[in-house]
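What's counted below: heavy atoms across the whole structure, side chains too, no hydrogens, waters or symmetry copies. All values derive from a computational prediction rather than experimental measurement. Letters A, B, ... are given to chains in the order of the sequence lines, protein chains preceding strands, and every chain is numbered from 1.
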Amino acid sequence: MRTADLTGLPEGIPEALHDEGIEELYPPQDEAVEAGLTDGESLVAAVPTASGKTLVAELAMLSSVARGGKALYIVPLRALASEKKAEFERWEEYGIDVGVSTGNYESSGEWLSSRDIIVATSEKVDSLVRNNAAWMDQLSCVVADEVHLVNDRHRGPTLEVTLAKLRQLNPSLQVVALSATVGNAGEVADWLDASLVHSDWRPIDLKMGVHYGNAITFDDGSQREVPVGKGDRQTPALVADALEGDGDDDQGSSLVFVNSRRNAESAARRMAGVTEQYITGDERSELAELAAEIRDVSDTETSEDLAKAVAKGAAFHHAGLASEHRTLVEDAFRDRLIKCICATPTLAAGVNTPSRRVVVRDWQRYDGDYGGMKPLDVLEVHQMMGRAGRPGLDPYGEAVLLSKDADSRDELFERYIWADAEDVHSKLAAEPALRTHLLATVASGFAHTREGLLEFLDQTLYATQTDDPGRLEQVTDRVLDYLEVNGFIEFEDQTIRATPVGHTVSRLYLDPMSAAEIIDGLRWAADHRTEKLRALEGETTSTSRSAESEPDTTAGFQRASDMVAAAGDEEGGDSAGDDSDFESDRTYPTTLGLYHLVCRTPDMYQLYLKSGDRDTYTELCYEREPEFLGRVPSEYEDVAFEDWLSALKTARLLEDWSDEVDEDRITERYGVGPGDIRGKVETAEWLLGAAERLASELDLESVYAVREAKMRVQYGVNEELLDLAGVRGVGRKRARRLYEAGVESRADLREAGKSRILAALRGRRKTAENILEAAGRKDPSMDEIDESDAPDDAVPDDTGFETAKERSDQQASLGDFE
DNA sequence: ACTGTGTTCTTCTAGACAGCATGTC
DNA sequence: CTAGAAGAACACAGT
């Protein structure tokens, strides 16, 4: 079918498609339209990546909007949300408004109700449903991208439940599910009452093969000679070969998939030696600029290593990178500046980065539960291989697996090249999944009885797949029991109701188990407050940081210790008995205690204990025993002790971060990348926010301590900098510099001498002006201000509460400010 | 003394969603 | 039982 003949789309769109060069629909797209895609019919499209799935989605959404509806596009990753948004925004000139909603980003401007197309992650959609977002019932079309993720143990159930809820809200909803080619796409289609388009067609040919000896053998029987130099260097040979091209061909980029971060980094280092020989003079200087940008992102070893590789035209890519790093690398690869990326599976599922050649170097990955190296799923390998072939650049894409002997070559053909992808299976019956979703289902009124819940669950993929409905019932009963025991729901005859806390937990998007842990911890703290404060007071260890000085901080910001008197006659303080008048300047619970509390929650992904860590953190555990909220498990008897230590390690990372320890040092100390720090901090921020909310709802005096802990991770600063760091344009480093220069608060920013401020900001006039403006200064202009006019006493020594060591720590961390 | 090469031993392991509420003198 | 690569540490031979 020709795009010009499409009907039911908003005016001008068929012509616009034509102008984009899309004159004819691809066969699978054609099939989709035949199946009623533009008439509001539901559809499951199981087709390879890059075979025009997005257009299928667009046709459905646009026609739905043309009929006066509203469309939702569900993505699995935040990064994909912004990618899709950018793509859909080209319809804005035809009157289509696009909005995004993810945890960390929401479209500016009008509220989402006014948008025609909304892009969101599945969790965000779930959350919006829980919070009864106003526009939910206006939806007429929902697109679920990468629907095969229902197979995912952790995140699959969310997608599944969310789709079920959306369909229950609007039974005539058009559901368009986009999936990779999976074994049982038909089952998914049955579940969604949708027709199925199943196809292996792709616009660019994909040749899959195995490299063994001195040649690649492809699935079409052809061979390509790729001699390997001595020393078993298959990957470099393949990367070099792709760059040689076929003469008239364009230089070919390569994507190399490996199974660990370390392997990605070391492979990139080696590939840099190859790509280096194929870059032109112009490219070299562009790459040098890019390398400088990368160094700018973060001042860590990871960043430095990446910059070094990039300068030579190669890069690595994994979740330890800061997201800015990832974007820089992905963009430069798409612009053909970077010739080779060595990546962990992040890249296979992430944003679109097509490549001439894909090398799947490692097809096994360590799996602790499995007990060794586990072969990757066919689906996963297919997704990696599907990245081969750049539209408009390559005549075909090549995906190559590596083997060292003839046997494994045959095995690889068998296992991955000739094989169909596995079936997807709902993971909904797992207890952790049901814990959250049953509570949410009750709390947001989708069901009020046990039978109602089971009826609702009957609309999920799990129900269409299972032949043992009893199992779901069993787990449901166990979970309901758990939820009742923990006070999140209550039974009244046959009806189930969410308690007020239950409602809050559901809306906060917490795993009920996390909420229970947090509530227990905070209550425990209330009960043991005096006793623990005494213990802490008796100590003179180096941990007394939070016991200092007057808070000259934000208005309305109260110390927990200020609350003691007020709390004296309240419930929370009572259990401490007659001791409630115990005086202390110390904040309780401490930040470490709170960080540990949220770190041992199932919503936090903990750091691994490496060799030696066990001893280090066991020692730390005894040292700071009074700070922990709840009983400390026994080192010798408790199996949970390991986990508890991992949580402690994670909590320590957060403590370092909020003690202004330099990023570089943190990455080194904990063996993580800059991206990991950001991730942990973000999660902690969210969980502490939730804890704050719970504490205030349960009338626990620890709200203020929790709030302080949250703000300190959020900005990554000590308490005295909280006010400054709240100013836009002032981060942890600038805040510390300003403070050291005697500018200690937002008010000081408005009043202090400009030359002093300018000097503290290293003479950056523009940033100084922006900051002053953000702080609300009337005359932010830095014209004619000379930083050298700053008075000599620019660094008043009023930070006496710090130990000498901490101080030098901080200064070391500031030395590299830039 | 320095350097290159081979051998053994230790170490370590992918990814990433979510709340809330907006600001100022 | 259901791992294997990287890199450090070490040993040794050649110059």
Q. Any stacking of A:Trp686 on B:dA18, going by centres under 5.5 angstrom and planes within less than 30 degrees?
A. yes
(Q) Heavy atoms from C-beta onward define the side chain here; which of B:dG15, B:dG19, B:dC12 lies closest to that of A:Ser611? (A) B:dC12
Q: Looking at every strand, decide which applies to A:His154 at a 4.0 Å heavy-atom threshold: base, sugar-phosphate, or nothing.
A: nothing
Q) Between A:Thr683 and B:dA16, is there a side-chain N or O to OP1/OP2 distance below 4.0 Å? A) no
Q.
For a 4.5 angstrom cut-off between non-hydrogen side-chain atoms, does A:Met271 reach A:Pro236?
A. yes
**Q.** A:Lys680 and A:Asp676: CA distance, side-chain angles, deciding distance, salt bridge (charged side-chain N to carboxylate O under 4.0 Å, His left out) verdict
**A.** CA-CA 6 Å; A:Lys680 295 286 174 288; A:Asp676 299 303; 5.3 Å; no
Q) Nearest to the side chain of A:Arg750, which nucleotide is it out of C:dA6, B:dC25, B:dG19? A) B:dC25
Q. To the nearest Å, how far apart are A:Arg261 CZ and C:dG7 P?
A. 16 Å
(Q) If the cut-off is 4.0 Å, is A:Arg365 near the phosphate of B:dG15, judged by side-chain N/O to OP1 or OP2? (A) no
**Q.** Partner nucleotide, any strand, of B:dC12 [Watson-Crick/G-U, under 3.5 Å]
**A.** C:dG4
Q: Write down the distance separating the P atoms in C:dA6 and B:dA14, rounded off to the nearest Å.
A: 14 Å
Q: When you get a sec, tell me which of B:dC17, B:dG15, B:dC20 is the closest nucleotide to the side chain of A:Arg507?
A: B:dC20
Q: Counting heavy atoms from C-beta on, name the nucleotide in B:dA16, C:dA6, B:dT13 closest to the side chain of A:Lys610.
A: B:dT13
**Q.** Distance, rounded to the nearest Å, where A:Tyr605 contributes OH and B:dA16 contributes C1'
**A.** 9 Å
Q) Does A:Tyr366 make a side-chain donor-acceptor contact with the base of C:dG4, cut-off 3.5 Å? A) no
Q | Any strand: nucleotide that pairs with B:dG23 via Watson-Crick or wobble, under 3.5 Å | A | none
Q.
Can you see if the side chain of A:Arg326 gets near the phosphate of B:dA16 - specifically, an N or O under 4.0 Å from OP1 or OP2?
A. yes
Q. Roughly how many Å is it from CG in A:Leu607 to P in B:dT13, rounded to a whole number?
A. 10 Å
Q: Using a 4.0 Å heavy-atom cut-off across all strands, classify A:Asn263 as base, sugar-phosphate, or nothing.
A: sugar-phosphate
**Q.** Distance, rounded to the nearest Å, where A:Asp676 contributes CG and B:dC17 contributes P
**A.** 13 Å
Q. Which pair of heavy atoms, one from A:Tyr416 and one from A:Leu401, lies closest together, and at what distance?
A. CB-CD1, 4.1 Å
Q) Do you know which of A:Thr162, A:Asp126, A:Val479, A:Thr460 makes side-chain contact (heavy atoms from CB on, under 4.5 Å) with A:His437? A) A:Asp126
Q: For the side chain of A:Ser266, starting at C-beta, report the closest nucleotide among B:dC20, C:dG7, B:dA18.
A: C:dG7
Q. Could you give the CG-to-P distance, from A:Leu510 to B:dC20, as a whole number of Å?
A. 10 Å
Q | Any-strand Watson-Crick or G-U partner of B:dC17, both distances under 3.5 Å | A | none
**Q.** Whichever of A:Leu508 and A:Gly776 has its nearest DNA chain B nucleotide further upstream toward 5'
**A.** A:Leu508
Q: Mind calculating the distance between CG (A:Leu321) and P (B:dA14) to the nearest angstrom?
A: 13 Å
**Q.** Among B:dT11, C:dA3, B:dT24, the one nearest A:Arg262 by side-chain distance
**A.** B:dT11
Q. NA contact type, A:Asn259, heavy-atom cut-off 4.0 Å: base, sugar-phosphate, or nothing?
A. sugar-phosphate
Q: Provide the closest heavy-atom pair for A:Ala81 versus A:Val100 in the form atom of the first, atom of the second, distance.
A: CB-CG1, 3.8 Å
Q) With sugar-phosphate meaning primed atoms plus P, OP1 and OP2, does A:Gly679 contact a base, only sugar-phosphate, or nothing at under 4.0 Å between heavy atoms? A) nothing
(Q) Just to be sure I understand the rule, does A:Arg678 reach a base, reach only the sugar-phosphate, or reach nothing, if contact means heavy atoms closer than 4.0 Å? (A) nothing
Q: Determine: side-chain N/O of A:Ser127 to OP1/OP2 of B:dG19, distance under 4.0 Å, yes or no.
A: yes
Q: Check every strand shown and say whether A:Arg777 touches a base, only sugar-phosphate, or nothing at a heavy-atom separation below 4.0 Å.
A: nothing
Q | Nearest-neighbour nucleotide for the A:Thr344 side chain, B:dA16, B:dG19, B:dA14 considered | A | B:dA14
Q | A:Leu77 side-chain proximity, nearest of B:dC17, B:dA18, C:dA6 | A | B:dC17
(Q) If I compare all heavy atoms of A:Ser101 with all of A:Lys124, which pair ends up nearest, and what's the gap? (A) OG-CE, 3.1 Å
**Q.** Phosphate contact (B:dG19 OP1 or OP2) by A:Lys124 side-chain N/O below 4.0 Å
**A.** yes
Q.
Donor-acceptor pair, distance only, cut-off 3.5 Å: does the side chain of A:Arg409 make one with the backbone of A:Val210?
A. no
Q | Interatomic distance, A:Met384 CE vs B:dG15 P [rounded to whole Å] | A | 11 Å
Q. How would you label the contact of A:Glu692 with the nucleic acid (heavy atoms, under 4.0 Å): base, sugar-phosphate, or nothing?
A. nothing
Q. Of the candidate nucleotides B:dG15, B:dC17, B:dC20, which contains the atom at the shortest distance from the side chain of A:Asn131?
A. B:dC20
Q. Are there more than 12 heavy atoms of other residues, nucleotides or ligands under 6.0 Å from atom CD of A:Glu301?
A. no
**Q.** Spacing between A:Leu402 atom CG and C:dA5 atom C1', to the nearest angstrom
**A.** 14 Å
Q) What is the base-pairing partner of B:dT7, counting Watson-Crick and G-U wobble geometry with both distances under 3.5 Å? A) C:dA9
Q) Is A:Arg78 near enough to B:dA18 that one of its side-chain N or O atoms lies under 4.0 angstrom from OP1 or OP2? A) yes
Q | Selected nucleotide, minimal atom distance to A:Arg269 side chain, candidates C:dG7, B:dA18, B:dC25 | A | C:dG7
